[in-house]
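The block underneath contains the structure these notes are about, expressed in C-alpha cells.
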Amino acid sequence: ALGYNVHGIDIDPNRFSSTISKLNLRVSKCNIETEALPLETGSCDMVIFNELFEHLRINPIFTIGEVRRVLRSNGMLLLSTPNLRSLKGLANFLLRNKAYSNSGDIYHEYQKLERLGHMGHVREYTTAEVSEFLSRLGFHVQTLVFRGRYKKKGQQLAARVLPRLRPFVTYIARAQ
C-alpha cells in the first residue's frame, strides 16, 4: 500500500494463515536459529527484529549474522528487546534476586519449548551487552529508544524523568 516490499519470516506462518491471506502478505517459514534467511545477500534496506533477541537460545551469532548478511551496506536494523535495567528489572534484581525485567520463571520459559516447539525468554540483556554484540557483528548502534509504560503513577513519573528506566528498548543500528 505504501510502496514497501515487505517479506515476513516466521517459524510457523500457518498460525496466522488467515491474516496472511486476508492481507496478501508474503511470509516465509524459517527457523531463524538454525536456517539461513530465505533472502538474497544484501537484498534488504531494513530488518525489524521485534522482541526476538531475548528468545534466541541456540546461537545468536548465527541469527544476527544472517540479519547482517541480508542487509545492504548502511541498511538499518531496528531491534527491540526488554530493558533489563528497567525500573521493574532493577526491582526484581535488588528485591527478589531475579535477573529479569519481563519474563520470570526459567522452568516455565523452557517448558514452552516442549509445548510449543519454541520458547519464551532465554535471557534478557543490558543495553551495553546488546550494543557490543551488534558491533561485533558489523553494526553501528546509532540510537537507543527507551519505550513502554508502567501502570503505577510513581513508576510512570520515574520513567518520564529517567527514560532509561522504561521496560523496553529499541536499538537503531546501521550495517557497516
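None of these values were measured; they are calculated from a predicted model.
Not counting sequence neighbours, S17 has no partner by the side chain to side chain donor-acceptor pair (under 3.5 Å) test. Residues forming a side chain to side chain donor-acceptor pair (under 3.5 Å) with E66 (at least two apart in sequence, or on another chain): R69. By the ring-ring contact (aromatic ring centres under 6.0 Å, His included) test, F139 is found to be paired with no residue, residues two or more places apart in sequence or in another chain being considered. Annotation: salt bridge (Lys or Arg N to Asp or Glu O under 4.0 Å) contacts of R136 (sequence neighbours excluded): E132. Taking E129 as the reference, R123, T126 meet the side chain to side chain donor-acceptor pair (under 3.5 Å) condition, with sequence neighbours excluded. Residues forming a side chain to side chain donor-acceptor pair (under 3.5 Å) with S135 (at least two apart in sequence, or on another chain): none. For the salt bridge (Lys or Arg N to Asp or Glu O under 4.0 Å) test, no residue two or more places apart in sequence or in another chain qualifies with D12. Partners of E33 by salt bridge (Lys or Arg N to Asp or Glu O under 4.0 Å), not counting sequence neighbours: none found.
For C30 against E35, the heavy-atom pair with the smallest separation is CA-OE1, 3.2 Å.
The distance from atom NZ of K152 to atom CG of L157, rounded to the nearest 0.5 Å, is 14.5 Å. Distance check, rounded to the nearest 0.5 Å: NZ of K112 to CD of E109 gives 4.0 Å.
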Side-chain donor-acceptor pairs of residues 159-176 under 3.5 Å, sequence neighbours excluded:
residue, atom, partner, partner atom, Å
R166, NH1, G148, O, 3.3
T170, OG1, R147, NH1, 3.2
R174, NH1, N74, O, 2.8

Under 3.5 Å donor-acceptor pairs involving side-chain atoms of residues 52-65, not counting sequence neighbours:
residue, atom, partner, partner atom, Å
E54, OE1, T81, OG1, 2.7
H55, ND1, M119, O, 3.0
H55, ND1, G120, O, 3.2
N59, OD1, I61, N, 3.0
N59, OD1, F62, N, 3.3
T63, OG1, I32, O, 2.8

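Heavy-atom neighbours of F93 CZ from other residues, nucleotides or ligands within 6.0 Å: at or below the threshold of 12. More than 12 heavy atoms of other shown residues, nucleotides or ligands fall within 6.0 angstrom of atom CD1 in I11. Within 6.0 Å of atom CZ in R149, 12 or fewer heavy atoms from other residues, nucleotides or ligands are found, so the atom counts as exposed in its surroundings.
Look at K29 and D10 and you find no salt bridge, because none of the NZ, NE, NH1 or NH2 atoms lies under 4.0 Å from a carboxylate O.
Contact annotation: the side chain of Y100 never approaches that of P82 to less than 4.5 Å [non-hydrogen atoms, C-beta and beyond]. In this structure the side chain of S131 never reaches within 4.5 angstrom of the side chain of L134, judged on heavy atoms. At a threshold of 4.5 Å between non-hydrogen side-chain atoms, the residues R68 and L71 count as touching. Side-chain contact between L78 and V47 is absent, with no heavy atoms from C-beta onward closer than 4.5 Å. In this structure, the side chains of P38 and I9 come closer than 4.5 Å at one or more pairs of heavy atoms.
Through side-chain heavy atoms spaced under 4.5 Å, either directly or across other Ile, Leu, Val, Met, Phe, Trp or Tyr residues, V27 is tied to F16, I20, L23, L25. In this structure, L116 stands alone, with no Ile, Leu, Val, Met, Phe, Trp or Tyr side-chain heavy atom under 4.5 Å from its own, directly or through other members.
L144 and L77 fall within the same hydrophobic cluster, where Ile, Leu, Val, Met, Phe, Trp and Tyr residues are linked whenever their side-chain heavy atoms come under 4.5 Å apart, directly or through other members. Cluster membership check: Y150 shares its hydrophobic cluster with L90, using side-chain heavy-atom separations under 4.5 Å among Ile, Leu, Val, Met, Phe, Trp and Tyr. L137 and L39 fall within a single hydrophobic cluster, where Ile, Leu, Val, Met, Phe, Trp and Tyr are joined by side-chain heavy atoms under 4.5 Å apart, directly or via other members. The cluster map of Ile, Leu, Val, Met, Phe, Trp and Tyr, joined by side-chain heavy atoms under 4.5 Å apart, puts V130 and F146 in the same cluster. No single ILVMFWY cluster, assembled from side-chain heavy atoms under 4.5 Å apart, contains both M46 and V67.
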CA sep, side-chain torsions, deciding dist, call: D45, Y4, side chain to side chain contact (heavy atoms under 4.5 Å, CB included): CA-CA 10 Å; D45 293 316; Y4 295 106; over 6 Å; no
